[in-house]
2 protein chains.
Amino acid sequence: MPENASTMPARRPASRRMLDSIYRAAADLIVEKGFEATTLAEVGSAVGLAKSGVYHHIKSKQDLLYDIMRHGMARLEQDVIEPARAVADPADRLRLLAERYAEFILGAEDGSGLGPRVTTLVHESRGLSPARKREIERARWRYYRFVRGAMQELADQGRFAEVNPTVAAMSFFGAMVWLAQWYRPGGELSRRQVIDSMVEMTAGLLIRRKPRPAKGKSRNG
Amino acid sequence: MPENASTMPARRPASRRMLDSIYRAAADLIVEKGFEATTLAEVGSAVGLAKSGVYHHIKSKQDLLYDIMRHGMARLEQDVIEPARAVADPADRLRLLAERYAEFILGAEDGSGLGPRVTTLVHESRGLSPARKREIERARWRYYRFVRGAMQELADQGRFAEVNPTVAAMSFFGAMVWLAQWYRPGGELSRRQVIDSMVEMTAGLLIRRKPRPAKGKSRNG
DNA sequence: GCCAAAACCGACCCGCGGGTCGGTTTTCAG
DNA sequence: CTGAAAACCGACCCGCGGGTCGGTTTTGGC
């Protein structure tokens, strides 16, 4: 039942530009003070709107949180998981995963993107309706299994360190997420240094040389 | 201005037993739903008290959070840091640290103690007054420096893996804290298995053999 | 058994924050 | 220029939750 086209000229779903600003500001505030402690009035004043003005763009506070999370998850999927999926060799895949994920978490150099914020946010899944919470959690779970899968592959090929792949995968995750907690731009370690260190740790400590460095694909002696 | 002793006989600071129950219940709830989202009425009903009954034992909601955190930090200090301080060899110290910390986080087998809860809690330092927040943060910082110190010692002795000690220390932290997030008793991995894996990872991946297995302390020659 | 202190409760106060509403300003296609 | 939709605001509603208070029950020392 869409209205007559003549009376509804190319309706935009509420100015995209402002919506993005709201997402950003809200993500920042929520990360800093927590979801419950964040006021919609605060979000508004952060983007130069009154509380009621904010409601012109969002449906409810709950929905705001949910949308931010989905947005973050989508970005994660597209910037990290998707590229890694294309890599056949599990070692290379893991390396790429580590680099992309660290980059995602630390955000772009110009501070754009909502990387670090969203990362912490994703663990605020409380405050969501059970159904939505389950949805977010399932996406997270998929990601975890993907990482663990790469490690398992390595282990099956005898190219993985002597550690339980599940524990290793979760530790990888923990170390990454923790990044957003402690890294502050302008510290003694540069963004690039941190990212490289994370990749080195992941690759250097967990991955072993191939048992058979046979370069070609022919395996028969 | 303490009142006359005859009118104030040995006042106990409000029954210790009940206070502990309140701490436990509150910690559970706060971890599950967040500080702001947790009601004092809920805390009360979790321990069989009315809201006003809870206020007989605590001074305010803020103080409750603060006290729980201090309690947790004290336990951490006494169960993890203190024992490790006594170990001279940095490799052994790191191993002990890993084991004790993992045990602390996963809690006692009987589910007593407020280990896992408090761990997550400590990162809820928002919701605290700035001064208190700073205090908690400083304690956390001390702990981090202690861990990093052990790694630095190893590095100085050429016994550390080829990774930046700061990044390694933070990753250690992250992996540990993350434990509380994903480990669920009754899963495919037992508590003991997880703890052992964490210790193996820490020790096996980060620590290298001594360059000189010379047993004595003589270094010349 | 007495009595004071401790433990506890129900009812209440009140400010804050999510959400709504009626109206005003801004924007922009025709 | 015009008119209609979009963007925005101030004022308001209302339930919820932190905190208080006056009073009742329970506890334990003597």
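To find a chain, count down the sequence lines: A is the first, B the second, and so on, and within it residues start at 1.
A side-chain hydrogen bond (donor to acceptor under 3.5 Å, both in side chains) check over residues 31-48 of chain B, counting only residues at least two apart or in different chains, returns the pairs B:K33-B:E42. Screening residues 141-150 of chain B for side-chain hydrogen bond (donor to acceptor under 3.5 Å, both in side chains), with sequence neighbours left out, gives B:R148-B:T166.
Using a 4.0 Å heavy-atom distance criterion, A:G48 is classed as a sugar-phosphate-only contact.
Annotation: side chain to side chain donor-acceptor pair (under 3.5 Å) contacts of A:E153 (sequence neighbours excluded): A:R93. Remark: B:R132 engages B:D63 in a salt bridge (Lys or Arg N to Asp or Glu O under 4.0 Å) (not counting sequence neighbours).
Residue A:H56 places its side chain closer to D:dA7 than to any other of C:dA6, D:dA7, C:dG10.
Taking the charged nitrogens against the carboxylate oxygens, A:D67 and A:R70 have no contact shorter than 4.0 Å, which rules out a salt bridge. Using a cutoff of 4.0 Å between basic side-chain nitrogens and carboxylate oxygens, B:E99 and B:R192 are scored as salt-bridged.
Nucleotide D:dC9 holds its C1' atom 13 Å from the CE atom of A:M18, rounded to whole Å. A straight line from CG of B:L49 to P of C:dA7 spans 11 Å, rounded to a whole angstrom. Atom NE2 of B:H57 is separated from atom P of C:dC8 by 4 Å (rounded to the nearest Å).
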Filtered N/O pairs between nucleotides 24-26 of chain D and protein, under 3.5 Å:
none

Report all interatomic pairs (protein N or O, nucleotide N or O of nucleotides 15-21 of chain D) with separations under 3.5 Å.
residue	atom	partner	partner atom	Å
D:dG18	OP1	B:T38	O	3.1
D:dG18	OP1	B:K61	NZ	2.9
D:dG18	OP2	B:L40	N	3.0
D:dG18	N7	B:K51	NZ	2.8
D:dG18	O6	B:K51	NZ	3.3
D:dG19	OP2	B:Y55	OH	2.8
D:dG19	OP2	B:K61	N	2.8
D:dG19	O5'	B:Y55	OH	3.3
D:dG19	N7	B:K51	NZ	3.4
D:dG19	O6	B:K51	NZ	2.7

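Taking the side chain as every heavy atom from C-beta outward, A:M18 and A:S21 approach each other to under 4.5 Å.
Residues A:A26 and A:L64 share a closest heavy-atom pair of CB-CD2, 3.8 Å.
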